Number of protein chains: 2
Amino acid sequence: MSPAAEPVPDKPTRREQILAAAAELFARHGFHGVGIDDIGSAVGISGPALYRHFRSKDAMLGEMLTAISEVLLDGGQTRVDSARGPHDTLGDLVRFHVDFALDNPALITVQERNLGNLTDPDRRKVRALQRRYVEIWVEVIRAAVPTTEEPTARAAAHAVFGLINSTPHSRHLDRAQMADLLTGMALTALTHAPL
Amino acid sequence: MSPAAEPVPDKPTRREQILAAAAELFARHGFHGVGIDDIGSAVGISGPALYRHFRSKDAMLGEMLTAISEVLLDGGQTRVDSARGPHDTLGDLVRFHVDFALDNPALITVQERNLGNLTDPDRRKVRALQRRYVEIWVEVIRAAVPTTEEPTARAAAHAVFGLINSTPHSRHLDRAQMADLLTGMALTALTHAPL
DNA sequence: CAGCGCGGTTAGCGACCACTAACCGTCATC
DNA sequence: GATGACGGTTAGTGGTCGCTAACCGCGCTG
């Protein structure tokens with residue numbers, strides 16, 4: 001067949017394969033619980049070959065977490081930019097985060113658990129991105145529920161992240177049901193609870 | 001002053017000191033990210049002295065997590081035993097878990113993140129205890145919101161755990177406000193969302 | 001006061017881990 | 001058809017980690 005003409009949805013590059021495998025392993029065993037050889041053999045190569053693609057193990061985690069944070073921030077900003085009204089925007093934001101969590105359970109887990117294993121510069125960068133993402137949520141929450149104080153909105157946003165990110169720890173429902181459940185609970189908690 | 005007559009609330013034993021320090025460290029750096037020497041120096045002794053109190057590093061984590069699971073299960077059972085009505089019982093359960101999470105952020109974090117670092121027998125034991133705790137929640141949820149299917153109730157329980165356990169990651173409010181916020185969000189999500 | 005258990009100490013051992021060194025086959029290009 | 005970038009390989013190295021060994025001072029108790 002003709003080369004490079006198939007409807008292949010972007011064959012993942014080796015770097016991406018490695019990051020995906022590493023994310024799975026980091027999520028299951030923790031950053032320090034995974035060896036360089038474990039990651040290598042998870043993608044069919046062995047051990048030090050990884051250093052053809054990454055400068056260090058720390059760099060893998062750093063790239064992984066900054067990528068996640070950028071995707072979240074970017075997606076959040078997009079939802080806000082196409083705002084139709086405060087309540088719809090909040091709904092879009094919730095649905096976006098729910099979809100991301102359901103589609104990337106390993107990444108969500110790593111971001112939640114392994115922030116402390118980043119190098120200092122990487123952690124600063126990721127923290128900054130995360131802060132901007134939270135600020136988006138704070139503004140949208142306060143637009144939808146105007147009586148909410150800013151610190152309360154921030155705490156509520158974190159609580160909703162916890163609710164949604166709990167996904168990886170429970171697989172009792174199928175994807176669609178889970179999405180509806182989490183979206184409903186998150187929106188109800190944000191808009192009907194006494195904040 | 002007279003020796004051993006003050007209102008000291010049970011001076012913590014050495015084992016307890018060690019477990020508390022280890023919990024803090026495990027929460028911050030992950031199980032494999034903490035060395036035996038780190039734990040030792042956190043309680044003022046150094047390194048291998050820990051082996052006078054625990055058989056291994058694994059045993060510390062094991063004892064820590066089984067203790068947490070037993071406290072939760074026990075507290076949950078107590079709340080159910082003194083039930084006055086479905087809604088009150090659910091409220092008691094939520095408030096109990098919120099209090100525990102706010103008072104023991106490190107323990108909650110360790111239980112969430114480091115279950116995978118337990119030895120197989122320890123993990124089985126902890127999992128069994130956790131399952132029983134979740135089943136308490138499932139029954140109470142279904143009593144308070146009778147239209148809820150069992151798998152949905154289980155997923156909702158996990159989601160609420162995620163919401164409440166998000167506490168350690170956000171300290172924007174003082175304890176009382178945080179307790180009210182989390183309790184309100186959890187109860188609203190459970191009883192007013194379309195489960 | 002001899003004996004001993006309790007809870008410390010330091011030194012060291014074997015395993016493992018992140019990473020480097022040195023080497024090699026496969027292409028694409030000139 | 002030589003060249004060199006690319007992405008692999010195996011062997012090895014320095015450092016760290018969990019744990020054991022050997023030793024020791026203190027406070028009970030018979």
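Chain identifiers are assigned alphabetically (A, B, ...) following the order of the sequence lines, protein sequences preceding nucleic acid strands; residue numbering begins at 1 within each chain. No experiment lies behind these values; they were computed from the predicted model shown.
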Picking from [options], which would you name as closest to the side chain of [X]?
| X | options | answer |
| --- | --- | --- |
| A:Tyr51 | D:dC19, D:dA11, C:dA18 | C:dA18 |
| A:Ala49 | D:dC19, C:dC19, D:dT9 | D:dT9 |
| A:Arg52 | D:dG8, D:dT9, D:dC19 | D:dG8 |

Review point. Across the strands shown, which category fits A:Val43 at heavy-atom distances under 4.0 angstrom: base, sugar-phosphate, nothing?
Key: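 No contact.
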Point to revise | A:His53 side chain near D:dG8 phosphate (N/O to OP1/OP2, under 4.0 Å) | key: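 Looking at the OP1 and OP2 atoms of D:dG8, one of them is under 4.0 Å from a side-chain N or O of A:His53.
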Check your understanding: Looking at A:Arg14, does any N or O in its side chain come under 4.0 Å of the phosphate oxygens OP1/OP2 on D:dC6?
Key ->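 For D:dC6, neither OP1 nor OP2 has a side-chain N or O of A:Arg14 closer than 4.0 Å.
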For atom [atom1] of [X] and atom [atom2] of [N], their distance in whole Å:
| X | N | atom1 | atom2 | value |
| --- | --- | --- | --- | --- |
| A:Leu50 | D:dT10 | CG | C1' | 15 Å |
| A:Ile39 | D:dG8 | CD1 | P | 15 Å |
| A:Asp58 | C:dC17 | CG | C1' | 13 Å |
| B:Lys57 | D:dT16 | NZ | P | 15 Å |
| B:Ile36 | D:dT20 | CD1 | C1' | 13 Å |
| B:Ile45 | C:dT10 | CD1 | P | 12 Å |
| B:His32 | D:dC19 | NE2 | P | 11 Å |
| A:Asp37 | C:dA15 | CG | C1' | 14 Å |

Practice item. Check whether any side-chain N or O of B:Glu16 sits under 3.5 Å from a backbone N or O of B:Thr13 as a donor-acceptor pair, and report yes or no. Key: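 Yes; judged by distance alone, with no hydrogens or angles, the pair exists.
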Check your understanding: Quick check: does any side chain N or O of B:Asn104 sit under 3.5 Å from a backbone N or O of B:Leu107, one acting as donor and the other as acceptor?
Key ->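 No; zero donor-acceptor contacts below 3.5 Å.
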Review point. Side-chain heavy atoms under 4.5 angstrom apart, residues restricted to Ile, Leu, Val, Met, Phe, Trp, Tyr: same cluster for B:Phe161 and B:Val145?
Key: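 Cluster IDs for B:Phe161 and B:Val145 differ.
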Practice item. Could you tell me whether A:Lys57 sits above the aromatic face of A:Phe31, with NZ or CZ closer than 6.0 angstrom to the six-membered ring centre and within 45 degrees of the axis? Key: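 Flagged: A:Lys57 positioned over aromatic ring of A:Phe31.
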**Study point:** Centroid separation B:His32 to A:His29 less than 6.0 Å
**Key:**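 Centroid separation for B:His32 and A:His29: 6.0 Å or greater.
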